[in-house]
> 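This structure is in structure tokens; I'll ask about it shortly.
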Protein chains: 2
Amino acid sequence: MASIHDVARVAGVSISTVSYALSGKRSIADSTRLRITNAVEQLGYRPNAGARMLAGTRTNIFALTAPFHAETYAPAHMAFVLAVAQAARAHDYDVLLLTQDEATSGLRRVASSRLVDGIIVLDVAAEDDRVGVIRELGTPAVFIGIPRDTEGLVCVDLDFEAAAALAISRLTDAGHRSIGLIGHSPGVYARGSNFPPRFRDGFFSAAAAEGVATAFAMPERDGPSVRAALDELYRTLPGMTALVLHCEETVQAAVMDILRERGLRVPQDLSVISACASFETDHFEPALDTIPLVAADSCTRAVELAIEQVAGPIAPRVELVPPRYLERGSIAPPAPLR
Amino acid sequence: MASIHDVARVAGVSISTVSYALSGKRSIADSTRLRITNAVEQLGYRPNAGARMLAGTRTNIFALTAPFHAETYAPAHMAFVLAVAQAARAHDYDVLLLTQDEATSGLRRVASSRLVDGIIVLDVAAEDDRVGVIRELGTPAVFIGIPRDTEGLVCVDLDFEAAAALAISRLTDAGHRSIGLIGHSPGVYARGSNFPPRFRDGFFSAAAAEGVATAFAMPERDGPSVRAALDELYRTLPGMTALVLHCEETVQAAVMDILRERGLRVPQDLSVISACASFETDHFEPALDTIPLVAADSCTRAVELAIEQVAGPIAPRVELVPPRYLERGSIAPPAPLR
DNA sequence: TGCAACTATCGAAGCGTTTCGATTGCGTTT
DNA sequence: AAACGCAATCGAAACGCTTCGATAGTTGCA
């Protein structure tokens with residue numbers, strides 16, 4: 001395997017010249033640079049990663065800690081993992097995957113062995129063990145998600161409160177005054193993943209501000225309870241004219257099936273918005289207005305912030321990504337009283 | 001950050017003694033070893049990863065190339081990624097995640113910069129670009145899945161042919177002579193992921209060997225075509241008494257719903273086996289006999305083989321993991337003619 | 001003409017390990 | 001008593017890069 005010495009020899013220069021030519025950190029004559037790049041090409045030279053880490057100040061690797069448990073929704077999880085990896089590669093960073101059973105010890109290990117320059121934290125719980133470790137390590141880190149105590153941390157996430165408020169405002173603009181919300185399964189709220197409660201709370205407070213009547217149900221992941229959840233909403237809120245879905249793909253599909261089965265047309269009989277889903281919603285029949293949860297948005301920003309931190313300390317912050325709204329025609333004014 | 005020099009100073013020995021004490025590669029007096037481990041503890045010393053890579057012969061990192069595309073079924077994909085990461089950690093290896101848009105160039109990059117000791121290849125297509133690159137690089141690599149040309153490669157996978165044969169033999173043992181198969185969507189077969197055809201072919205040849213009548217249908221991922229697929233099976237094979245499912249969770253769920261809706265009882269009216277699914281099938285009503293696709297089985301073995309290759313070349317091979325069978329009571333003798 | 005200010009290049013000192021030969025001191029064997 | 005073998009330890013040479021501080025050679029300007 002060719003080393004920088006070989007390149008220097010072939011190009012007829014010293015190794016420091018090669019290093020500077022490749023890094024661009026000092027000016028090098030065009031003719032020399034050309035000889036060097038030719039030599040690199042010819043030898044198939046690639047700088048040795050270990051040597052670089054040792055001599056340089058950075059490793060060009062980020063750790064990604066992405067716990068996976070029973071309640072995790074695989075497609076969304078996957079989307080975030082991939083988005084982080086892609087964003088990192090765009091800045092010449094690689095991603096090292098930490099496993100959940102090594103969550104805190106793995107962080108310590110990779111940080112104190114200087115294997116990584118920083119840490120990206122996914123699927124953040126309100127009370128998250130990783131927060132304490134990261135504070136203590138002082139390693140550059142970005143949380144995608146927001147723990148309860150954000151003191152000293154850099155966090156990025158979709159603005160779920162604003163997303164909920166956006167859903168409410170679109171519906172009230174259309175004239176709705178009775179709006180239901182179908183959320184995730186109770187386990188998701190119980191376990192402490194932080195965005196479902198944030199959406200729910202944003203929903204309730206925006207509704208309260210508008211003086212809108214609300215109802216909320218949390219179906220289990222599997223079949224029959226979706227039906228029960230819908231029944232519960234109609235029981236609590238008999239005049240419900242609009243529905244916000246903040247739940248998994250299978251549940252949303254089930255809801256649409258049940259509505260169809262009951263002869264309820266969207267949007268004539270019921271307006272529906274799909275909120276903060278990380279999957280495509282345009283295959284539903286009819287297609288639904290959507291406030292998408294775009295993994296790439298948060299992850300790209302997270303990687304940028306991580307890179308800034310590698311360069312030097314930055315101010316702690318919580319950055320909320322504003323929600324977008326995609327119209328697909330699933331909202332109409334409420335039907336006149338039947 | 002404490003270095004090996006600090007440890008040596010505190011313990012009152014030379015750095016080589018520290019290194020040998022920690023690696024165990026030469027004998028060290030118990031008293032000395034104790035002083036060293038105390039110093040390590042006290043200073044919170046962790047060997048620097050970069051220095052280790054440079055001086056030693058290995059990096060203790062594997063690259064994981066796991067392409068993700070439209071046809072990918074996220075939960076299964078995730079299960080394999082996690083299983084690889086866990087198996088690697090059990091051998092003190094970390095996992096570097098390569099993205100699909102850098103599939104071949106990423107392999108070249110991490111291998112020739114000596115960032116990784118080896119490569120684990122997931123979701124192998126029959127004709128897979130990564131095969132050529134890996135042959136050319138000569139880096140230790142293990143394929144989880146089997147490309148068409150396995151010349152010189154080390155591959156591990158569930159024995160899908162044997163799994164199909166096992167399903168057939170369980171059903172023929174119970175007296176079935178007309179067996180249907182519901183497979184993945186046509187796109188999966190077209191794109192070249194290699195296990196669906198292997199299962200299908202194993203199914204047909206085992207059935208032929210037993211003189212059993214068969215039918216095969218490939219529903220699209222979404223709703224209505226599952227119904228169509230079942231209709232197709234009953235049309236092609238009016239006397240069908242048993243069904244093998246080799247498809248995604250949502251499709252299996254849909255099949256069970258449709259059977260229930262049509263008043264077909266499992267197993268009295270139809271025997272059903274779920275084959276090579278990486279999800280839990282015991283929540284179906286009724287629970288289904290299952291030939292599970294256990295990610296950990298293949299991934300553990302793959303990591304072992306990768307580690308053997310890091311130590312020195314091993315013979316190329318295709319290792320097939322034998323299928324298991326979980327009885328749950330979804331098989332009965334065929335119903336007498338109705 | 002002389003000197004300052006550049007530009008382009010080089011040499012050498014690290015970075016923190018691993019590992020290969022010593023070297024030392026003891027107990028055993030002849 | 002000389003010779004040997006072994007266990008425990010040390011010193012120093014890599015490993016391949018980055019980067020700091022020279023050094024020559026050029027140019028510009030007083």
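In what follows, every chain begins at residue 1, and chains take the letters A, B, ... in the order their sequences are listed. Just so we're clear, the structure is a prediction, and the values are computed from it rather than from any experiment.
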> Other residues, nucleotides and ligands only: do more than 12 of their heavy atoms fall within 6.0 Å of CG on B:Asn38?
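Yes.
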
> Specify the separation, in whole Å, of atom CD1 of B:Ile15 and atom P of D:dA13.
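One finds 12 Å between P of D:dA13 and CD1 of B:Ile15, rounded.
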
> Does C:dG16 have OP1 or OP2 sitting under 4.0 Å from an N or O in the side chain of B:Ser3?
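B:Ser3 to C:dG16 OP1/OP2: no side-chain N or O under 4.0 Å.
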
> Name all residues meeting the salt bridge (charged side-chain N to carboxylate O under 4.0 Å, His left out) criterion together with A:Asp149; count only those two or more places apart in sequence or in a different chain, and write none if there are none.
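With sequence neighbours excluded, A:Asp149 shows a salt bridge (charged side-chain N to carboxylate O under 4.0 Å, His left out) to A:Arg135, given in chain and number order.
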
> How would you list, by chain and number, every residue that makes a salt bridge (charged side-chain N to carboxylate O under 4.0 Å, His left out) with A:Glu304, sequence neighbours excluded?
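With sequence neighbours excluded, A:Glu304 shows a salt bridge (charged side-chain N to carboxylate O under 4.0 Å, His left out) to A:Arg301, given in chain and number order.
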
> Can you measure A:Asn48 atom CG to D:dG16 atom C1' for me and round it to whole angstrom units?
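For the pair A:Asn48 CG and D:dG16 C1', the rounded distance is 6 Å.
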
> Would you mind reading off the distance between A:Met53 atom CE and C:dT17 atom C1', rounded to a whole angstrom?
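A:Met53 atom CE is separated from C:dT17 atom C1' by 14 Å.
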
> Any non-hydrogen side-chain atom of B:Met78 less than 4.5 Å from a side-chain atom of A:Thr72?
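With C-beta onward as the side chain, the pair stays apart.
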
> Using whole Å, what does the distance between atom C1' of nucleotide C:dG14 and atom CZ of A:Arg52 come to?
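Rounding to the nearest Å, CZ of A:Arg52 and C1' of C:dG14 are 18 Å apart.
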
> Within the 4.5 Å heavy-atom criterion, are A:Phe143 and A:Asp128 side-chain neighbours or not?
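A:Phe143 vs A:Asp128: side chains apart.
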
> I'd like to know if B:Tyr20 reaches the base of C:dC20 with its side chain, counting only an N/O donor and acceptor under 3.5 Å.
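By the distance-only test, yes, there is a pair.
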
> Would you call the rings of B:Tyr93 and B:Phe62 parallel, tilted or perpendicular, taking 30° and 60° as the class edges?
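Answer is parallel, since the angle falls under 30°.
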
> B:Ser16 side chain N/O closer than 4.0 Å to the phosphate oxygens (OP1, OP2) of C:dT19?
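Answer no for this pair, as no side-chain N or O of B:Ser16 is under 4.0 Å from OP1 or OP2.
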
> State whether A:Ser19 places a side-chain N or O below 4.0 Å from either non-bridging phosphate oxygen (OP1 or OP2) of D:dT18.
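The answer is yes; a side-chain N or O of A:Ser19 sits under 4.0 Å from OP1 or OP2.
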
> To the nearest Å, how far apart are B:Arg114 CZ and D:dC17 C1'?
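Between C1' of D:dC17 and CZ of B:Arg114: 15 Å.
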
> Between P on C:dC10 and CZ on A:Arg9, what's the gap in Å once rounded to a whole number?
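Result: 15 Å.
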
> Would you tell me if any nitrogen or oxygen in the side chain of A:Thr17 comes within less than 4.0 Å of OP1 or OP2 on C:dC10?
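Looking at the OP1 and OP2 atoms of C:dC10, one of them is under 4.0 Å from a side-chain N or O of A:Thr17.
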
> By nearest nucleotide on DNA chain D, pick out whichever of B:Gly56 and B:Gly12 is the more 5' one.
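Upstream on the strand: B:Gly12.
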
> Pull out every residue in residues 23-46 of chain B that has a heavy atom closer than 4.0 Å to any atom of DNA chain C, ordered by number, or say none.
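Contacting residues: B:Lys25, B:Arg26, B:Tyr45, B:Arg46.
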
> Specify the separation, in whole Å, of atom CZ of B:Arg58 and atom C1' of C:dT18.
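Whole-Å distance recorded here is 12 Å.
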
> Let me know the distance between CD1 of B:Ile4 and P of D:dG11, rounded to the nearest Å.
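To the nearest whole Å, that distance equals 14 Å.
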
> Taking atom CG of B:Asp101 as the centre, report whether more than 12 heavy atoms of other residues, nucleotides or ligands fall under 6.0 Å from it.
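Counting neighbours around CG of B:Asp101, more than 12 heavy atoms of other residues, nucleotides or ligands fall under 6.0 Å, so yes.
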
